[in-house]
Amino acid sequence: QVQLVESGGGSVQAGGSLRLSCVASEIDVREYCVAWFRQAPGRERERVASISRSGYKEYGDSRTGFSVGGRFIVSKDNDKNSLDLQMNNLKPDDTAMYYCATRMFGGCYRQPDEYPYWGQGVQVTVAA
């Protein structure tokens with residue numbers, strides 16, 4: 001059973017930084033697309049960043065108009081078998097639940113429905 005466990009959420013002031021980590025079990029993150037999504041109350045779930053099997057990175061979500069503006073960096077840690085998200089210069093609009101997700105076949109997609117495996121999520125709160 002694929003398991004994804006996120007950590008690193010919390011509360012910060014605007015302009016601060018957080019690093020999220022998603023540790024995977026029963027899969028090798030090097031072999032699959034893994035992605036970070038987020039969802040704020042009353043808003044659509046949107047992709048934050050993803051890394052494909054080949055290492056291609058994508059940020060943001062054109063469906064919602066979300067752009068990270070160079071503030072976030074996504075990476076895989078092969079030693080930890082994890083997907084990490086470094087978030088800098090955080091803004092109050094970044095406040096949301098952040099989820100890790102993966103899919104077994106093909107490349108990465110923006111649509112959450114394309115991902116069958118999800119973590120429980122971590123809360124990120126950015127105060128003005």
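Both backbone and side-chain heavy atoms feed into the values below; hydrogens, waters and symmetry mates do not.
- Screening Asp94, Asn89, Asn88 for a side-chain hydrogen bond (donor to acceptor under 3.5 Å, both in side chains) involving Arg71 leaves a single residue, Asp94.
- Put simply, Val12 and Leu85 are part of the same group of oily side chains (I, L, V, M, F, W, Y) that touch within less than 4.5 Å, one to the next.
- In the model, Tyr98 has a side-chain atom that pairs as donor or acceptor with a side-chain atom of Arg38 under 3.5 Å.
- Side chain of Asn81 to main chain of Ile27: a donor-acceptor pair is present (N/O by atom type, distance under 3.5 Å, no hydrogens or angles).
- Put simply, CZ on Arg63 and CD on Glu46 are 8.0 Å apart, with the number rounded to the nearest 0.5 Å.
- Sparse packing is recorded around NZ of Lys91, with 12 or fewer heavy atoms of other residues, nucleotides or ligands lying under 6.0 Å away.
- Cation-pi contact between Arg43 and Phe66: absent, since separation from the ring centre below 6.0 Å together with deviation from the ring axis within 45° is not met.
- Hydrophobic cluster membership differs between Val29 and Tyr117, with clusters built from Ile, Leu, Val, Met, Phe, Trp and Tyr side chains linked at under 4.5 angstrom.
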* Could you go step by step and tell me if Tyr32 and Met104 meet the side-chain contact (heavy atoms from CB on, under 4.5 Å) rule? -> CA-CA 6 Å; Tyr32 303 104; Met104 299 289 101; 3.9 Å; yes
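- The two atoms that bring Ala14 and Pro92 nearest to each other are CB-CD, 4.1 Å, heavy atoms only.
- Heavy-atom minimum distance, Gly8 versus Leu18: O-CD2, 3.8 Å.
- Proximity of a side-chain donor or acceptor of Arg47 to a complementary backbone N or O of Phe37 within less than 3.5 Å is not detected.
- In this structure, Arg45 forms a cation-pi arrangement with Tyr99, its terminal cationic atom sitting closer than 6.0 Å to the ring centre and no more than 45° off the ring axis.
- When every heavy atom of Ser50 is checked against every heavy atom of Ala35, the shortest pair comes out as CB-CB, 3.6 Å.
- Within a 6.0 Å sphere centred on CZ of Arg110, other residues, nucleotides and ligands contribute 12 heavy atoms or fewer.
- The shortest non-hydrogen separation linking Ser52 to Lys76 is O-NZ, 3.3 Å.
- Counting non-hydrogen atoms of other residues, nucleotides and ligands closer than 6.0 Å to CD of Gln123 gives a total above 12.
- Panel note: side chain Glu6, backbone Cys100; a donor-acceptor pair is recorded below 3.5 Å.
- At distances below 3.5 Å, at least one donor-acceptor pair connects side-chain atoms of Thr95 with backbone N or O atoms of Val126.
- In this structure, Tyr115 is a member of the same hydrophobic cluster as Met97, with clusters built from ILVMFWY side-chain heavy atoms closer than 4.5 Å.
- Using a 4.5 Å heavy-atom threshold, the side chains of Glu44 and Asp61 count as separate.
- The two residues Cys22 and Trp36 come nearest to each other via the heavy atoms CB-CZ2, 3.6 Å.
- The closest side-chain heavy-atom distance from Cys108 to Tyr56 is not below 4.5 Å.
- Tested against Lys80, the residues Leu83, Asp84, Asn78 include a single side chain to side chain contact (heavy atoms under 4.5 Å, CB included) partner, Asp84.
- A donor-acceptor pair under 3.5 Å is formed between the side chain of Thr102 and the backbone N or O of Cys33.
- The two residues Tyr59 and Ala49 have their closest heavy-atom pair at CD2-CB, 3.6 Å.
- Between Arg19 atom CZ and Gln86 atom CD the span is 5.0 Å, to the nearest 0.5 Å.
- Using a 4.0 Å cut-off between a side-chain N of Lys or Arg and a carboxylate O of Asp or Glu, Arg30 and Asp28 qualify as a salt bridge.
- Hydrophobic clustering, with ILVMFWY side chains joined whenever heavy atoms are under 4.5 angstrom apart, groups Val122 together with Ile73.
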* To do: Begin with the C-alpha distance, continue with both residues' side-chain angles, and end with the deciding distance and a verdict on side-chain contact (heavy atoms from CB on, under 4.5 Å) for Leu4 and Val34.
  => CA-CA 10 Å; Leu4 302 170; Val34 281; 5.6 Å; no
